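The model shown is predicted, which means the values in this text are computed figures rather than measured ones.
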Amino acid sequence: MKALLAAKNYFSTGDVKLKKAAVLLALVGLGFNPCMAETIGRTNLQLPAGSWSVLTEFDGNLIFDKHSKMPLRTKVFKLVDGAGNVNALLSVTSTDAGRGSRIRWISQQCPEPRPKYFTNDFGSNKQPDTRDCLVVNSAFAPFKFYKEDAEVVQALQQQNIQLFTSGYSLRTQYGSQAGTYLSVNLMTTKKFLGMPAGRPEAADIHEVPEALVAWGETLHAAVKSSVNSLGGELILPAIELAN
C-alpha cells in the first residue's frame, strides 16, 4: 500500500508521461499486471493478463438519496480456457461522471459478515457521505446471485456457455461524495489463487482464506483510487489460477 500511495502522490507533480510510468511501475511491483484496455463509463480499465473477452454490456441506473437515479454503464468479461470452460467472470460498473454536488448514499448498506462471507463497510454504514463496501464470498453460487432474467444469464445462454456452479466472488464498490461510482465483481472457480503472499489488514476474516481477503483489499484500494483520480484509470490485481 505504501508503494501505491507514493505513486499516487508523485502523480500530482511533474511530467504527465513520467507520472503515469511511475504509477504503473509501482502497481506492477504490487502484483498488478496490466494488459488489455477497456472503457466503461468514466473508468479506463486495464485488464490483467489472460484470454479475456467481452460477454455482454448494458446500461442501468444507480439509486441514491432513496429515489434519485444516476446512469450506470456495465461491461462483463469472461475468461475461458482452452477447453471452453469459463474460469472467471469480471463485471465492472461505472458512472459516466460525478454529479459535481454532494450526495447522500442512503439507498443501500454493506451486508453484515458471516462465516465464509467477509465484508467491510469501512465505516460507511454509519454515515452517508460515501458508499464503501468490500465483500469476499468463499462459498459463492453464481445462479443464486443472478436472477434468471439477468443480462449476464441471458448472454451465457445465447452463447451456449456453461458457467461454474460454485466458486468465489470478490466484489467491491466505492461511491464518492461528488457522485462518482465504481463497482467491480470478480467471480471465479476455486482455481483462483487470490494473493498467496498477501496478508489481509482485517483482523477477523470470517473463515475466508487470507489470500482471497488480501486480494479483495487490494482490489478495493484500486477501485477507490480510480474513483478519486481525474482520468479514472483502474488497474486490477493479477488474476492467477491454479493449473
Side-chain angles (χ1 to χ4, degrees), residues 33-63 69-97 107-108 111 117 133-175 181-194 212 215-216 219 222-223 226 232-243:
N33 186 10
C35 186
M36 188 173 74
E38 291 282 346
T39 299
I40 307 97
R42 71 175 296 275
T43 301
N44 296 309
L45 168 68
Q46 298 289 333
L47 281 166
S51 301
W52 293 94
S53 60
V54 176
L55 172 67
T56 186
E57 53 186 302
F58 51 90
D59 296 338
N61 289 295
L62 177 67
I63 306 297
K69 294 182 179 180
M70 185 184 305
L72 290 178
R73 316 297 177 195
T74 296
K75 191 174 288 188
V76 183
F77 306 88
K78 64 181 186 294
L79 181 64
V80 182
D81 63 21
N85 300 311
V86 177
N87 283 323
L89 293 179
L90 177 69
S91 177
V92 180
T93 299
S94 174
T95 50
D96 286 323
S107 298
Q108 293 182 3
Y117 191 86
C133 183
L134 168 64
V135 177
V136 183
N137 184 354
S138 60
F140 177 67
F143 293 105
K144 290 184 178 179
F145 180 77
Y146 284 116
K147 296 180 180 179
E148 291 183 0
D149 59 349
E151 290 87 348
V152 171
V153 175
Q154 292 178 350
L156 290 167
Q157 293 173 344
Q158 291 169 1
Q159 298 179 34
N160 196 28
I161 296 174
Q162 295 294 321
L163 188 60
F164 51 90
T165 57
S166 63
Y168 304 136
S169 170
L170 304 94
R171 56 189 170 97
T172 193
Q173 59 178 324
Y174 182 74
Y181 174 85
L182 174 62
S183 70
V184 177
N185 187 359
L186 175 67
M187 297 155 278
T188 78
T189 65
K190 293 193 175 182
K191 292 181 179 181
F192 179 58
L193 298 176
L212 297 184
W215 193 94
L219 171 67
V223 165
S226 175
E233 288 85 3
L234 174 63
I235 301 178
L236 299 180
I239 299 175
E240 299 180 359
L241 304 175
N243 294 327

- Please report the C-alpha distance between Tyr146 and Met187 in whole Å, then the side-chain angles of each, then the deciding distance to 0.1 Å, and finally whether the side chain to side chain contact (heavy atoms under 4.5 Å, CB included) criterion is met. CA-CA 12 Å; Tyr146 284 116; Met187 297 155 278; 3.3 Å; yes
- Message: Would the distance check show the side chain of Thr189 and the main-chain N or O of Lys191 forming a donor-acceptor pair, the cut-off being under 3.5 Å?
- Response: yes
To the nearest 0.5 Å, atom CD1 of Ile40 lies from atom CD of Glu57 at 9.0 Å
message = Just checking Gln159: does its CD atom have more than 12 heavy atoms from other residues, nucleotides or ligands closer to it than 6.0 angstrom?
response = yes
In this structure, CZ of Phe143 is separated from OG1 of Thr165 (nearest 0.5 Å) by 8.0 Å
Does the Thr95 side chain pair with the main chain of Tyr181, one donor and one acceptor, at a distance under 3.5 Å? yes
In terms of heavy-atom contacts, Pro111 and Tyr117 come closest through CG-OH, 3.6 Å
OH (Tyr168) and OG1 (Thr188) are apart, to the nearest 0.5 Å, by 7.0 Å
I'd like to check Tyr174 versus Leu182 (side-chain heavy atoms, cut-off strictly below 4.5 Å). Are they in contact?
no
* To do: Ignoring hydrogens and angles, tell me if any N or O in the side chain of Ser226 forms a donor-acceptor pair with the backbone of Gly232 under 3.5 Å.
  => yes
### Query
Any side-chain heavy-atom pair from Leu55 and Val86 closer than 4.5 angstrom?
no
Stepwise, does the side chain to side chain contact (heavy atoms under 4.5 Å, CB included) test hold for Phe192 with Leu212?
CA-CA 9 Å; Phe192 179 58; Leu212 297 184; 3.7 Å; yes
Rounding to 0.5 Å, atoms CZ (Phe77) and CG (Leu47) come to a distance of 5.0 Å
task: Could you check if a side-chain atom of Ser169 sits within less than 4.5 angstrom of a side-chain atom of Pro142, using non-hydrogen atoms only?
output: no
One should read off an interatomic distance between Asn87 CG and Asn85 CG, to the nearest 0.5 angstrom, of 6.5 Å
Review point. Does the side chain of Leu219 reach to within under 4.5 Å of the side chain of Leu186, using non-hydrogen atoms?
Key: no
Item to complete: Go through the steps to decide whether Asp96 and Arg42 satisfy the test side chain to side chain contact (heavy atoms under 4.5 Å, CB included), and finish with yes or no.
Response: CA-CA 5 Å; Asp96 286 323; Arg42 71 175 296 275; 5.7 Å; no
I'd like to check Val80 versus Ile161 (side-chain heavy atoms, cut-off strictly below 4.5 Å). Are they in contact? no
Problem set entry | Heavy atoms from other residues, nucleotides or ligands near CG of Asn61 exceed 12 (cutoff 6.0 Å) | yes
Should Thr56 and Gln154 count as side-chain neighbours, where that means a heavy-atom distance under 4.5 Å? no
Exercise. Indicate yes or no: at least one non-hydrogen side-chain atom of Leu90 is less than 4.5 angstrom from one of Leu236.
Key: yes
Distance col, row Phe145:CZ vs Ser91:OG, nearest 0.5 angstrom, shows 7.5 Å
Val184/Leu234 under side chain to side chain contact (heavy atoms under 4.5 Å, CB included): CA gap, chis, key distance, verdict: CA-CA 10 Å; Val184 177; Leu234 174 63; 3.9 Å; yes
Donor-acceptor pair, side chain of Ser183 and main chain of Thr172, under 3.5 angstrom | no
